[in-house]
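Remarks on the structure that follows.
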Amino acid sequence: MKTARPWHIVAFLAPAVIIYSMFSALPLLDTLRLGFYTSNDAGVHSFVGLDNYRTILFDSDWSTAFWNAMWNNVKFFCIHMLLQNPIGLLLATLFSLKGLRGARTYRTLIFLPTLLSVVIIGFIWQLIISPLWGVGEKLMTLVGLGDYFAPFLGQESTALFTLSLISVWQYIGIPMMLIYAALLAVPEEVLEAAHAEGASALRIFWQIKLPLIWPTLGLVTILTFVANFNAFDLIYSVKGALAGPNYSSDLLGTFFYRTFFGYQAQVGSPTMGAAVATLMFLVILAGVGAYFYLVQRKLTRYEL
């Protein structure tokens with residue numbers, strides 16, 4: 001008896017596989033390949049092995065900028081982990097409480113900046129905290145903090161932190177909604193049984209709700225990591241490709257842009273840019289792999 005071939009499965013998968021291969025897999029493989037080559041003034045490529053990577057990681061002309069961008073990316077990610085995700089968890093917990101008036105309106109307003117263009121967000125915040133025509137100084141004066149106002153985007157010590165706060169403000173709605181959905185999935189009968197046993201709201205959160213949403217918190221963490229180490233648009237829209245002042249807000253994304261396309265006096269190099277892109281890919285791959293190996297497989301999953 002002949003077995004029927006599942007041609008319908010192939011037919012349904014083919015469009016997605018073709019599109020993914022053309023626009024994701026093949027460009028990625030070609031980028032990995034290009035990182036092993038160099039090009040001359042005529043555009044002729046020649047194989048150089050790992051020389052591009054040695055130059056980026058160890059040559060003083062390149063390594064200083066690369067490691068500065070890497071360290072800034074780590075700080076950018078840590079600020080999001082310490083502020084965005086805990087605040088998102090707090091907001092999601094508040095909105096999951098029954099009887100909270102205006103919860104839908106508040107959720108919508110908090111999530112709304114996520115839908116706006118990063119260019120618009122950057123331009124608006126530049127206007128708000130501008131020392132010349134912004135309203136930031138007046139607002140801080142109204143609450144008694146006028147003495148602490150400074151050109152936050154123009155100082156090396158505060159530029160990256162300020163941009164991180166802007167990013168947190170814009171994207172805090174994503175972890176909030178993901179965690180909120182996970183909290184809504186917690187069975188009501190479990191919560192009611194805990195209330196009947198006399199457990200306080202705080203104890204219910206720490207001992208029942210939080211363990212049940214650990215997988216979602218892990219997902220939020222890895223999404224934050226990937227997004228932060230791919231960050232580019234906010235820095236570019238506010239500070240340009242030079243990520244000033246004095247590269248203090250430079251991330252791997254802006255470093256890659258200058259390397260690949262060139263900027264002002266820096267000449268672009270597709271092969272060196274491909275090497276930088278490969279390093280970014282390896283950093284993200286290492287972070288995701290470490291998370292799945294050290295954290296995800298050890299998470300206890302409960303049936304909801």
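In this chain, numbering begins with 1 at the start of the sequence shown.
The shortest distance between side-chain heavy atoms of Val118 and Tyr171 falls below 4.5 Å. You'll find the side chain of Val276 stays beyond 4.5 Å of the side chain of Leu252, heavy atoms only. Taking 4.5 Å as the limit, some side-chain heavy atom of Ser117 sits within range of a side-chain heavy atom of Val119. Side-chain contact between Thr259 and Phe256 is absent, with no heavy atoms from C-beta onward closer than 4.5 Å. A heavy-atom distance below 4.5 Å is not found between the side chains of Leu183 and Phe95. A 4.5 Å side-chain heavy-atom check between Ser63 and Phe58 finds every atom pair outside the cut-off. Side-chain contact between Ile174 and Leu223 is absent, with no heavy-atom pair separated by less than 4.5 Å. Contact check for Arg54 versus Asp59: no side-chain heavy atoms found under the 4.5 Å cut-off.
Nearest heavy-atom pair across Ser167 and His80 is OG-NE2, 2.8 Å. In this structure, Ala243 and Ser249 approach most closely via the heavy-atom pair O-OG, 3.0 Å. Across all their heavy atoms, Gly146 and Thr141 have their closest contact at CA-OG1, 3.6 Å. Smallest separation of non-hydrogen atoms from Tyr53 and Gly35: CE1-O, 3.6 Å. Contact between Asn72 and Tyr247 at its shortest, heavy atoms only, is ND2-O, 3.5 Å. Contact between Ile179 and Ile213 at its shortest, heavy atoms only, is CG2-CD1, 4.0 Å.
A single hydrophobic cluster is seen to contain both Tyr106 and Leu115, as judged by linkage of ILVMFWY side chains at heavy-atom distances under 4.5 Å, directly or through other members. By the rule that hydrophobic residues join a cluster once side-chain heavy atoms approach within less than 4.5 Å of another member, Leu26 and Leu13 end up as members of separate clusters. With hydrophobic clusters built from ILVMFWY side chains whose heavy atoms lie under 4.5 angstrom apart, Leu90 does not share a cluster with Val186. With hydrophobic clusters built from ILVMFWY side chains whose heavy atoms lie under 4.5 angstrom apart, Ile124 does not share a cluster with Trp133. No single ILVMFWY cluster, assembled from side-chain heavy atoms under 4.5 Å apart, contains both Tyr148 and Leu153.
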Problem set entry | His45 vs Leu34, side chain to side chain contact (heavy atoms under 4.5 Å, CB included): CA-CA, chis, key distance, verdict | CA-CA 9 Å; His45 291 172; Leu34 192 60; 3.5 Å; yes
For this session: Start with the C-alpha distance between Met272 and Trp62, add both sets of side-chain angles, then the distance that settles side chain to side chain contact (heavy atoms under 4.5 Å, CB included), and finish with yes or no.
Result: CA-CA 10 Å; Met272 291 296 289; Trp62 287 87; 3.9 Å; yes
For this session: Run the numbers on Val238 and Phe123 for side chain to side chain contact (heavy atoms under 4.5 Å, CB included), then give the verdict.
Result: CA-CA 7 Å; Val238 176; Phe123 180 72; over 6 Å; no
For this session: Begin with the C-alpha distance, continue with both residues' side-chain angles, and end with the deciding distance and a verdict on side chain to side chain contact (heavy atoms under 4.5 Å, CB included) for Phe161 and Ile79.
Result: CA-CA 8 Å; Phe161 183 72; Ile79 292 172; 3.5 Å; yes
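Heavy-atom contacts from other residues, nucleotides or ligands closer than 6.0 Å to CG of Asp147 number 12 or fewer. Around CZ of Phe47, the count of heavy atoms belonging to other residues, nucleotides or ligands within 6.0 Å exceeds 12.
Residues Asp250 and Lys239 are not paired through a salt bridge, judged by the lack of any N-O separation under 4.0 Å between the basic side chain and the carboxylate. Salt-bridge formation is detected for the pair Lys98/Glu188: a Lys NZ or Arg NE/NH1/NH2 atom is positioned less than 4.0 Å from an Asp or Glu carboxylate oxygen.
In this structure, the separation between NZ on Lys209 and CG on Leu89 is 10.5 Å, given to the nearest 0.5 Å. With rounding to the nearest 0.5 Å, the separation of CG in Leu234 from CH2 in Trp125 is 11.5 Å. Atom CG of Leu127 and atom CG of Leu132 lie 11.0 Å apart (nearest 0.5 Å). Residue Leu251 holds its CG atom at 8.5 Å from CG of Leu163, rounded to the nearest 0.5 Å. The distance from atom OG1 of Thr224 to atom CG of Asn85, rounded to the nearest 0.5 Å, is 4.0 Å. Between the CZ atom in Phe149 and the CD1 atom in Ile129 there is a gap of 7.5 Å [rounded to 0.5 Å].
Ring-plane geometry between Tyr257 and Tyr236 is classed as tilted, the angle between the planes lying from 30 to 60 degrees on a 0 to 90 degree scale. Relative ring orientation between Phe77 and Phe229 is described as tilted, the plane-to-plane angle lying within the 30° to 60° band.
A cation-pi contact links Arg33 to Tyr37, judged by a cut-off of 6.0 Å to the six-membered ring centre and 45° from its axis.
Side chain of Ser24 to backbone of Ser21: no donor-acceptor contact under 3.5 angstrom is found.
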